[in-house]
Amino acid sequence: MSDFYSSLGELFKQPLGLISVANREGFFVELNPSWSNLLGYTREELLSRPFVEFVHPDDWENTVKETSLLNDKNHPTVTFQNRCLKKEGGYVWLSWNARLFGEYIYVIAQDVTELKEQAILSNKMQHTANIGTWKLHLPSMKTEWSEETYRIHEIPIGTPTNTEDGINFYSEESRPIITKAVQECIEKATPFDLELGMITANGRPIWVRAIGIPEEVDGKVTGVYGLFQDLTEKHQTVEKLEKYRYALDQSTIVAITDTRGVINFVNKKFCEISQYGESELIGKDHRIINSSHHDKKFFKDLWKTISSGRTWKGLIRNRAKDGTFYWVDSTIVPIKDRQGRIQEYMAIREDVTERVHLEDLVERQKEQLFHSSKLASLGEMAGGNAHEINTPLAIISMAAQRIGKLVKRDQLNGVPKETANIEKTVDRIADIIRGLRALSRQDAETKNALFPLKKVVDDAASLCQERLKNHGIQFKLNTGLSEALISCRPTQISQVILNLVNNAYDAVRMNETNEIEIRTVQVDDLIRISVIDSGPGVPEDIQGKIFQPMFTTKPVGSGTGLGLGISLKIVQDHGGRLELGEVDGKTSFDVYLPIEKTAVEMKEVA
């Protein structure tokens, strides 16, 4: 062993750093106690095996490659890093500095595990955030890049680079900008922070943020260092948001207010429909477009909903700057912070003015249609009702003549009987006229009210029974449930019954057996009003069509096709249903309506 090695004997006894000597066969021949302390192996274990057996398998190839360079006279010293396995498991990072003296390799190593882990963590953080680092050395103009900077440029890590190479990656539009920024940073110590376009080595266009900070010594710039961040995803997101914003501005009204309702943002569509400029709206609240259509309770409920953190939806009528009105379908969403506290409100609205006007028009037309249908039904009953009024008038006339004769004969004891007969007959006429007037007028009823079921059915029956009688049709009125009350608009339910009776009349008038019956029964918590006829029934192939508007089986000029369709709509509006059925082999149209209370129950409540 050389004198140089012998002179180091005392040094190997000290736990200073990782000091060792190895032979050309790859075995340690001497090492200080620090190796055992770090790796956990005994001195004998470390000396008895080739040192590569203590190297992490993934680092074997590089370790052998680096140590082999010592055989080259041009590489008397080699420096490299690898991982060495610990006896109890795991590994440590070592930085090796090896030099060949004669037949032996003298090694000084350092534990760089903490530094390496910090570097790995730093690289992971840079990769996660798409942020790399770089440094420009002066005057050589050579550059150092971090791993993430290489990845952003899409070139192999470790590729030598210089300032010119880096600048050439920028797009044609961005290249003059970064060149000027770097020059001014070197010459005038002016830092820069730019967002520019560039093209990667793979030809992919991206957006990057380049930050440069001058490094000075004695007032002279000796280098430039900085950060390099991939902003492609951010720019793509911003571009998408701009597209979304453009789309919103074409169709949606957007406003953002603080928690007091003061407007701090409006989009283009808001300004267009309200006819106010942005500067006129910012800093104001929505009272600037209040139409006074909604009462205080409406807005009180709105604020109660959103201030509790819930979303509010509804229709609002607003007033534009020129005084015209417009309707919006609004959704107001509370925007909260991470702690759940409301920071602001976002209102997203759609202009539904045309829709509201159209719905109003449809509603008016529907009311007109209902009215026309009623008049058509009344027209079919007109002949019978005229006869029903004429007959009582003849009775009154005859009674009046008899009273005159009794008075002349001074037989006054017979007068009360005749006057009672007149009063009864007048009441009958009044009932008929009242029913006609109720059905013929445009509906003033907008809300349901409690009415006796029997009265509603009897009133409808009084309008049709004379016509049926005159045409030899047997008519039965079986109205039980005399105490039952239903929530309804009575003229509309009378119209439904009248429509069904008219249809039954058309079905039976040519039959040998011509019977029509109105029957009421209770089915669970529903009232069923059935109009039953002895006609031929509804053919199976058209049963699915009979409730469709404008569908009729009657000859041209004999029916409108409106009756059943309108009747179905009226019943559905009352929370009920209208069905085709069969009772005792006869056709039955059944109206189901919710039963409310009986008159007896109402008295008990009172």
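- Among residues at least two apart or in separate chains, side-chain hydrogen bond (donor to acceptor under 3.5 Å, both in side chains) pairs with a member in residues 317-328 are Q275-D322, E280-K321, D322-T324.
- Ion pair K268/E278 not flagged as a salt bridge, since none of the NZ, NE, NH1 or NH2 atoms sits closer than 4.0 Å to an Asp/Glu carboxylate oxygen.
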**Message:** side chain to side chain contact (heavy atoms under 4.5 Å, CB included), that's the test. Do L468 and V501 meet it? Break it down for me.
**Reply:** CA-CA 9 Å; L468 301 177; V501 171; 4.1 Å; yes
**Request:** Could you check V531 against S588 for side chain to side chain contact (heavy atoms under 4.5 Å, CB included), going step by step and ending with a plain yes or no?
**Result:** CA-CA 6 Å; V531 176; S588 173; over 6 Å; no
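- Within the 4.5 Å cutoff, no side-chain heavy atoms of Y505 are placed close to those of N514.
- For R209, the salt bridge (charged side-chain N to carboxylate O under 4.0 Å, His left out) partners at least two apart in sequence or on another chain are D193.
- Within 6.0 Å of CG on D524 lie no more than 12 heavy atoms contributed by other residues, nucleotides or ligands.
- Note that CG of L453 and CD of Q522 are 10.0 Å apart. Values are rounded to the nearest 0.5 Å.
- Residue pairs meeting the side-chain hydrogen bond (donor to acceptor under 3.5 Å, both in side chains) criterion with at least one partner in residues 334-348, sequence neighbours excluded, are D337-R341, D337-Q343, Q339-R341.
- Judged purely by atom type and a 3.5 angstrom limit, S174 uses its side chain to pair as donor or acceptor with the backbone of G197.
- No side-chain donor from either of D459 and S494 sits under 3.5 Å from a side-chain acceptor of the other.
- The backbone N or O of A320 lies less than 3.5 Å from no partner atom in the side chain of S274, so there is not a single donor-acceptor pair.
- The CD1 atom of I316 lies 8.0 Å from the NE2 atom of H286; values are rounded to the nearest 0.5 Å.
- Separation of atoms CD1 (I263) and CZ (R287) is listed at 11.0 Å; rounding is to 0.5 Å.
- Residue pairs meeting the ring pair (Phe, Tyr, Trp, His ring centres under 6.0 Å) criterion with at least one partner in residues 478-503, sequence neighbours excluded, are absent.
- Other residues, nucleotides and ligands place more than 12 heavy atoms under 6.0 Å from the CD atom of E359.
- Nearest heavy atoms, L477 versus A461: CD2-CB, 3.9 Å.
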**Message:** With side chain to side chain contact (heavy atoms under 4.5 Å, CB included) as the criterion, how do V496 and V571 come out once you've worked through the C-alpha distance, each side chain's angles and the decisive distance to 0.1 Å?
**Reply:** CA-CA 8 Å; V496 171; V571 173; 4.2 Å; yes
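- For I206, the side-chain contact (heavy atoms from CB on, under 4.5 Å) partners at least two apart in sequence or on another chain are I152, M198, T200, R204, V208, D230, T232.
- Atom CG in L568 sits 12.0 Å away from atom CG in N499 (nearest 0.5 Å).
- Under the ring pair (Phe, Tyr, Trp, His ring centres under 6.0 Å) criterion, F265 pairs with no residue, sequence neighbours left out.
- Residues that satisfy the salt bridge (charged side-chain N to carboxylate O under 4.0 Å, His left out) test with K469, not counting sequence neighbours, are absent from this structure.
- Every residue two or more places apart in sequence or in another chain that forms a ring pair (Phe, Tyr, Trp, His ring centres under 6.0 Å) with F228 is listed here: H153.
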**Working for ring pair (Phe, Tyr, Trp, His ring centres under 6.0 Å), residues H293 and F298** = CA-CA 10 Å; H293 176 78; F298 177 87; 8.5 Å; no
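- By the salt bridge (charged side-chain N to carboxylate O under 4.0 Å, His left out) test, E239 pairs with K243, sequence neighbours left out.
- In terms of the ring pair (Phe, Tyr, Trp, His ring centres under 6.0 Å) criterion, residue partners of H235 (sequence neighbours excluded) are, by chain and number, W207.
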Pairs under 3.5 angstrom only: tabulate donor-acceptor contacts from the side chains of residues 575-584 to other protein residues two or more places apart or in another chain.
| from | atom 1 | to | atom 2 | distance (Å) |
| --- | --- | --- | --- | --- |
| R577 | NE | E579 | OE2 | 2.6 |

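- Here the straight-line distance linking atom CZ of R528 with atom CG of D590 works out to 5.5 Å at 0.5 Å rounding.
- In this structure, the side chain of D525 does not engage the main chain of P594 through any donor-acceptor pair within 3.5 Å.
- Of all the heavy atoms in S487 and H574, the pair that sits closest is O-CD2, 3.9 Å.
- A salt bridge is absent between E350 and R355: the closest approach of a Lys/Arg side-chain nitrogen to an acidic carboxylate oxygen does not fall below 4.0 angstrom.
- K297 meets the salt bridge (charged side-chain N to carboxylate O under 4.0 Å, His left out) test with D301; sequence neighbours excluded.
- In the model, R489 has a side-chain atom that pairs as donor or acceptor with a side-chain atom of N448 under 3.5 Å.
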**Request:** Any chance you could lay out the side chain to side chain contact (heavy atoms under 4.5 Å, CB included) test for D458 and T479, step after step, and finish with the verdict?
**Result:** CA-CA 8 Å; D458 286 349; T479 53; 3.8 Å; yes
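- Separation of atoms CD1 (I348) and OG (S330) is listed at 10.0 Å; rounding is to 0.5 Å.
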